[in-house]
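If you're wondering where the values come from, they're calculated on a predicted model, not measured in any experiment.
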Amino acid sequence: DFFKIILGSSSPARRAILSDMGYEFATMSADIDERAIRREKPEELVKALAEAKADAIKLNLVDGCADRDIRDPPTLLITSDQVVVSKGVIRERPRSMEEAREFIKAYSGDRALAVNYVLLTNLSTGATKGGWDIPEICFHHIPVEFIEEVVKEGDMTCVAGGLKLTHPSVLPFIKELVGTADGVRGLPRELTEKLIRESLEVNS
């Protein structure tokens with residue numbers, strides 16, 4: 001079956017995961033103000049953000065869906081969002097070094113959830129399929145020196161939750177991961193694969 005994929009994300013990790021899955025795809029990023037979208041529950045927040053990204057990208061796709069030939073190969077748009085939940089608090093990308101420091105300190109000797117929502121929009125039919133994937137990460141004690149070092153580096157803290165959990169320097173502090181590393185990186189493979197299959201079934 002021939003179909004096209006658009007990954008609605010500028011995240012290098014998501015691009016790498018989708019490539020590893022063997023797909024060729026175009027990328028577009030959604031220009032939305034994520035802070036303007038608020039929900040109390042993390043599951044609802046990531047879903048609302050993934051949907052808002054899809055809506056923004058659909059507006060940017062000039063050809064829209066109306067003038068498509070029914071024989072054209074289906075185009076699937078993948079959008080997703082992730083937040084980290086620690087001590088009952090939703091943690092997005094930290095806005096300052098101070099906030100990043102606070103996030104990482106909260107993980108020390110505790111646990112966190114990486115709450116993902118992946119949304120597939122079949123641009124040919126307008127049908128959508130989505131689902132959640134929520135890995136849990138249990139941490140050992142994280143020394144203050146390490147936190148200071150990471151916060152200074154900056155590129156380790158520019159992700160949801162304020163810490164690249166799959167970075168080699170972080171791995172010694174992870175006691176247990178319940179779920180998958182790609183779920184922690186922001187694009188759970190199994191869920192994405194399942195949604196791609198389901199979205200194509202609707203089409204055939």
Notebook entry, point to check: For residues 141-157, which residue pairs qualify under salt bridge (charged side-chain N to carboxylate O under 4.0 Å, His left out), counting only residues two or more places apart or in two chains?
Noted result: Arg101-Glu148
Next item on the list: For the residue pair Thr75 and Ile6, establish whether any side-chain heavy-atom pair is separated by less than 4.5 Å.
Entry: yes
Check: With a cutoff of under 4.5 Å between side-chain heavy atoms, which Ile, Leu, Val, Met, Phe, Trp and Tyr residues group with Val178?
Finding: none
Note to self: Counting only heavy atoms not in Asp33 (residues, nucleotides, ligands), do more than 12 fall under 6.0 Å from its CG?
What the structure shows: yes
Notebook entry, point to check: Do you know which two heavy atoms are closest between Pro188 and Val118, and how far apart they sit?
Noted result: CD-CG2, 3.8 Å
Check: Are Ser80 and Arg14 linked by a side-chain donor-acceptor pair shorter than 3.5 Å?
Finding: yes
Notebook entry, point to check: Can you list the steps and then say if Leu18 with Ile5 is a side-chain contact (heavy atoms from CB on, under 4.5 Å)?
Noted result: CA-CA 10 Å; Leu18 197 56; Ile5 290 181; 4.1 Å; yes
Checklist line | Ala54 to Thr121 - nearest heavy-atom pair and separation | finding: CB-OG1, 4.0 Å
Checklist line | Salt bridge present between Glu24 and Arg15 (N-O < 4.0 angstrom) | finding: no
Item checked: Stepwise salt bridge (Lys or Arg N to Asp or Glu O under 4.0 Å) check, Glu102 with Lys87 -> CA-CA 12 Å; Glu102 195 186 302; Lys87 300 197 186 316; over 6 Å; no
Notebook entry, point to check: To the nearest 0.5 Å, how far apart are CG in Asp81 and CG in Leu119?
Noted result: 11.0 Å
Checklist line | Single-linkage hydrophobic cluster, 4.5 Å side-chain cutoff, Leu45 and Val89 together | finding: no
Notebook entry, point to check: Does Phe103 share a hydrophobic cluster with Ile174, counting links as ILVMFWY side-chain heavy atoms below 4.5 Å and allowing steps through other members?
Noted result: yes
Notebook entry, point to check: Going by an N to O cut-off under 4.0 Å, is there a salt bridge joining Glu43 and Lys47?
Noted result: no
Notebook entry, point to check: So how far is it from Ile78 CD1 to Leu187 CG, rounded to the nearest 0.5 Å?
Noted result: 6.5 Å
Next item on the list: Over all heavy atoms of both residues, which pair between Met156 and Val159 is shortest? Give the atoms and the distance, please.
Entry: O-CG2, 4.1 Å
Note to self: Applying side-chain contact (heavy atoms from CB on, under 4.5 Å) to Thr128 and Leu120, what does each step give before you reach the verdict?
What the structure shows: CA-CA 6 Å; Thr128 60; Leu120 251 94; over 6 Å; no
Next item on the list: Tell me whether Val170 is reachable from Met97 by hopping between hydrophobic residues (I, L, V, M, F, W, Y) whose side-chain heavy atoms are closer than 4.5 Å.
Entry: yes
Note to self: Quick one: does any side-chain atom of Thr157 pair with a main-chain N or O of Ala100 as donor and acceptor, under 3.5 Å?
What the structure shows: no
Margin query: Testing Leu123, Thr125, Asn122 one by one against Pro74 for a side-chain contact (heavy atoms from CB on, under 4.5 Å), which residue passes?
Written below: Asn122
Next item on the list: List in chain and number order the residues that pass side-chain contact (heavy atoms from CB on, under 4.5 Å) with Ser19, two or more places apart in sequence or in another chain; answer none if no residue qualifies.
Entry: Phe25
Checklist line | Sidechain-backbone polar pair: Tyr107 side chain, Gly161 backbone, donor-acceptor under 3.5 Å | finding: yes
Next item on the list: Give, for atom CG of Leu76 and atom CG of Leu7, the distance between the pair rounded to the nearest 0.5 Å.
Entry: 12.0 Å
Checklist line | Interatomic spacing from NZ in Lys53 to CD1 in Ile32 - rounded to 0.5 Å | finding: 6.0 Å
Margin query: Looking at every heavy atom in both Pro135 and Gly179, which two are closest together, and how far apart are they?
Written below: CB-CA, 4.1 Å
Checklist line | Exercise: do Glu193 and Tyr23 side chains pair donor with acceptor under 3.5 Å | finding: yes
Note to self: Donor-acceptor pair, distance only, cut-off 3.5 Å: does the side chain of Gln82 make one with the backbone of Val184?
What the structure shows: yes
Check: Do Val115 and Val84 pass the side-chain contact (heavy atoms from CB on, under 4.5 Å) test, and can you show the C-alpha distance, the side-chain angles, and the key distance before you say yes or no?
Finding: CA-CA 6 Å; Val115 181; Val84 173; over 6 Å; no
Notebook entry, point to check: Going from CG on Asp20 to CG on Asp182, what distance comes out if it is rounded to the nearest 0.5 angstrom?
Noted result: 9.0 Å
Next item on the list: Please confirm whether the backbone N or O of Trp132 pairs with a side-chain atom of Asn116, one donor and one acceptor, at under 3.5 Å?
Entry: no
Next item on the list: Before accepting this row, confirm whether a basic side-chain N of the pair Asp55/Lys58 lies closer than 4.0 Å to the acidic partner's carboxylate O.
Entry: yes
Next item on the list: Count the heavy atoms belonging to other residues, nucleotides or ligands that lie under 6.0 Å from CZ of Arg93, then report whether that count exceeds 12.
Entry: no
Next item on the list: Measure the CZ-CG distance between Phe3 and Leu200 for me, rounded to the nearest 0.5 Å.
Entry: 5.0 Å
Item checked: CA sep, side-chain torsions, deciding dist, call: Asn60, Met28, side-chain contact (heavy atoms from CB on, under 4.5 Å) -> CA-CA 9 Å; Asn60 285 338; Met28 286 181 80; 3.9 Å; yes
Item checked: Residues Phe173, Phe139; criterion ring pair (Phe, Tyr, Trp, His ring centres under 6.0 Å); working and verdict -> CA-CA 6 Å; Phe173 304 115; Phe139 296 91; 8.9 Å; no
